**Q** 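My questions all concern the structure below.
Here the structure is a predicted model, which is why all the values come from computation and not from measurement.
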Amino acid sequence: MKKSDYWKWLQDFNFNFLPTNITFNSSIIRQYNRQQFRQVDVVGIGLDPLYRRNFAFNYQYGFNYNLTKSLKLNYTASSNNIVKSYLNADNTPIDSFTIWDSYFDIGNPNQHMQQLIVNYEIPLNKIPVFGFVKANFTYTGDYSWQRASNAFDNITIEGVNYNLGNTIQNASSKILNASFAMETFYKYIGLSKKSPSSGAAKPKTVAPKPGEKVVNTAVKPLQQRSPFMDGLIGVLTSVKNIQVNYTHNSGTVLPGFTPSVGFLGSSRPSLGFIFGSQDDVRYEAAKRGWLTTYQDFNQNFTQVTNKLLKATANVDLFPDFKIDLTADRAYSNNSSEQYSVVAGNYTPLSPYSYGMFSISTVLIKTAFSKSDETGSAAFDDFRTNRLVVANRLATQRGIDINNPGNIDADGFPKGFGKNNQAVLLPAFLAAYTGGNANDVSTGIFRSFPIPNWSIKYNGFMRYTFFKNNFKRVSLLHNYRASYTINDYRSNFEYTKKPNGVDASGNFYNPTVISNVNLVEQFSPLIRLDFELKNSFKVLTEIKKDRALSMSFDNNLLTEVKGVEYIVGLGYRFKDVIFSSRLADNPTGIIKSDINIKADLSYRNNQTIVRYLDYNNNQLAAGQNIWQLRLAADYAFSKNLTAIFYYDHSFSKAVISTTFPLTNIRSGFTLRYNFGN
């Protein structure tokens, strides 16, 4: 086993029989106040003294347990108890009671909280074939119990006493972080871009035996790999690093829970629940009589779920050409409901859920298609896609679309009209992602994010022309796009009538969406940044963006798009000499550089509203913005710098109802840094 690397994980395995540490501490709080007032202007009338007591017994305990080198546990718990031993059996105060009486009475629990944290370094890298993988998993489970207010913990109606119960809640957090060092993996499987040998073999002289001639021999060169194979291996090994982060947070709040907790907490409603499990415990708790039976109980049972996935990858196709890929997905859901418990049966009342969703996607297929106030190619596809999607949905529901009786006046299947949300969403996504309406998913959520990218190239300095004329040259391109549902919610009408139709004759959808957004950014589309040998700097940049907001309330599509052109120039005048008292030397001579920068930009913004039901595209807002920024700085000393600036901005709206606007800002700034 010691000779084989595949048993290294077993050789490194260890087990600790005892926790690293165990802690327990408590604090006893006893605050007593007696206040006596005197009525000085009235004789013979006395006032009873006022007593205020705050008796508490608080304690915390926990342990750290490094079960193995890779698996570590941390458990902490705290309880806050209220002590009311100064009250008689009928809850009347004992005036003679002092802070020293029943000093070690722990009282009754008011709040209990606990947390379990589990850290596990997944030992995949102990196995040679997975030596490039580093993974870590963290689980956090929280639980809290809160006593109900004394004023509202019980209620009596028609002679029947109802316990309104306490509130329990838990939360769980699962975090998985994994990194893949792909170069280590390539070495393990024998993939390398380096050739086995290069160049000709060097001659070797062999010493002759007596009477023999000197013989020169050469070592036989190793076979060299072809440039094609080197290029192919370079592509196969271009992915250098991969990082995946996944977070899943969830929690449950259950009010009306009648049992209390003990000195060390409780195992009710289940051990899983108190350690963060989200398994449904409501029906079991009701069956065991642990939930309030008050019929008008109106506190909500609530569950929350949040999921976040983010993945990045670094790709080097060839030297100085780098691609960074990023994909992400975010999902959140909040569900709540009231309930009633009769004869141990749990009955949910008015269940309701809402949340948000976002995922990275790619819209580049339609990014450069025609789209202005006169028309849009993608919007025309959107309109056309509706019938294709409607027929698909009708067929899936078992509706014969070839039967004229199942077709409405607009030519759409009944129940899936042209303005049905179930029809509009897939048609919208297919049109603006450049997909096929026959294949697009008809669901609201998407499972797998599509990566966005950032591309950078710095390899120009490898060529003689650029070496001789430039100090640096770089190209940059970024692309980001996302599909977002800011708010979705459950449909009460669908809950009541799953097969019902609304006023327009469309089937109810289980989930209602107000609007969806597609956002795309080329930031930048392309950016060229270089500096000449004579210190002259140039930066040119083009940015492009658009945001599409589809409203299902009024069937309007709002398109906000913009394009921006930027040219930046810079130059450094070296060793400019001034004679001034500001000099930090006895000669009074200042020798420093003047740095001059100038940025000119032009941006065009437009907001276009498009109507689905009829041809009426309106240019609702937008403007053309010109900006010129000049700046020059000169360092009089290492602490004192003078800066001149000039900013000129001019904007003209694309609609006639807004007037042009010009802003000019100019002046000098003196900046002094105190200290070294």
**Q** Going by atom types only, do Asn615 and Arg383 share a side-chain donor-acceptor pair under 3.5 Å?
**A** yes
**Q** Return yes if a side-chain donor-acceptor contact under 3.5 Å exists between Gln278 and Asn170, otherwise no.
**A** yes
**Q** For residues 385-404, which residue pairs pass the side chain to side chain donor-acceptor pair (under 3.5 Å) check, not counting sequence neighbours?
**A**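 The answer is Arg397-Asn499.
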**Q** May I have the step-by-step check of ring pair (Phe, Tyr, Trp, His ring centres under 6.0 Å) for Phe428 and Tyr432, ending in yes or no?
**A** CA-CA 6 Å; Phe428 173 64; Tyr432 282 92; 5.3 Å; yes
**Q** May I have the step-by-step check of ring pair (Phe, Tyr, Trp, His ring centres under 6.0 Å) for Tyr331 and Phe445, ending in yes or no?
**A** CA-CA 9 Å; Tyr331 169 83; Phe445 308 113; 5.5 Å; yes
**Q** Taking Asp380's backbone N and O only, do any of them form a donor-acceptor pair with Thr384's side chain (distance below 3.5 Å, no angle check)?
**A** yes
**Q** Would you indicate whether the side-chain heavy atoms of Ile175 and Ser173 approach each other to under 4.5 Å?
**A**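 SC-SC contact between Ser173 and Ile175 confirmed.
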**Q** In terms of side-chain heavy atoms, does Glu183 have a donor or acceptor partner in Thr237 at a distance below 3.5 Å?
**A**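 Absent: no donor and acceptor within the cut-off.
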**Q** Using side-chain contact (heavy atoms from CB on, under 4.5 Å), reason through Leu425 and Ile513 one step at a time and then give a plain yes or no.
**A** CA-CA 10 Å; Leu425 180 58; Ile513 301 175; 4.2 Å; yes
**Q** Would you check if there is a donor-acceptor pair between the side chains of Tyr602 and Asn624 at a distance under 3.5 Å?
**A**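 There is such a pair between these side chains.
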**Q** Return yes if some donor-acceptor pair links the side-chain N/O of Thr302 with the main-chain N/O of Val253 below 3.5 Å, else return no.
**A**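 No; zero donor-acceptor contacts below 3.5 Å.
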**Q** Would the distance check show the side chain of Asp502 and the main-chain N or O of Gly505 forming a donor-acceptor pair, the cut-off being under 3.5 Å?
**A**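 Between the backbone of Gly505 and the side chain of Asp502 there is a qualifying donor-acceptor contact (under 3.5 Å).
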**Q** Will you find, in the side chains of Tyr565 and Glu541, an N or O donor that is under 3.5 Å from an N or O acceptor?
**A** no
**Q** Say whether Asn478 and Ser523, considering side chains only, have a donor N or O and an acceptor N or O under 3.5 Å apart.
**A** no
**Q** Going through the distances and angles, do Asn333 and Tyr488 end up as a side chain to side chain donor-acceptor pair (under 3.5 Å)?
**A** CA-CA 9 Å; Asn333 180 268; Tyr488 69 84; 3.1 Å; yes
**Q** Tell me which one of Lys287, Glu284, Arg282 satisfies side-chain contact (heavy atoms from CB on, under 4.5 Å) with Tyr346.
**A** Arg282
**Q** Do Ser350 and Gln338 make a side-chain contact, defined as non-hydrogen atoms from C-beta onward lying under 4.5 Å apart?
**A**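 No - every pair of side-chain heavy atoms lies 4.5 Å or more apart.
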**Q** Mind running ring pair (Phe, Tyr, Trp, His ring centres under 6.0 Å) on Phe318 and Phe321 for me, showing each step along the way?
**A** CA-CA 6 Å; Phe318 47 85; Phe321 186 83; 4.7 Å; yes
**Q** Please step through side chain to side chain donor-acceptor pair (under 3.5 Å) for the pair Ser360 and Asn452, ending with a clear verdict.
**A** CA-CA 7 Å; Ser360 60; Asn452 298 154; 4.9 Å; no
**Q** Is a donor from one side chain sitting under 3.5 angstrom from an acceptor on the other, for Ser551 and Asn554?
**A**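 On atom types as modelled, these side chains qualify, holding a pair under 3.5 Å.
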**Q** Under a 3.5 Å distance rule, please check whether Ser172 uses its side chain to pair with a backbone N or O of Ser277 as donor and acceptor.
**A** no
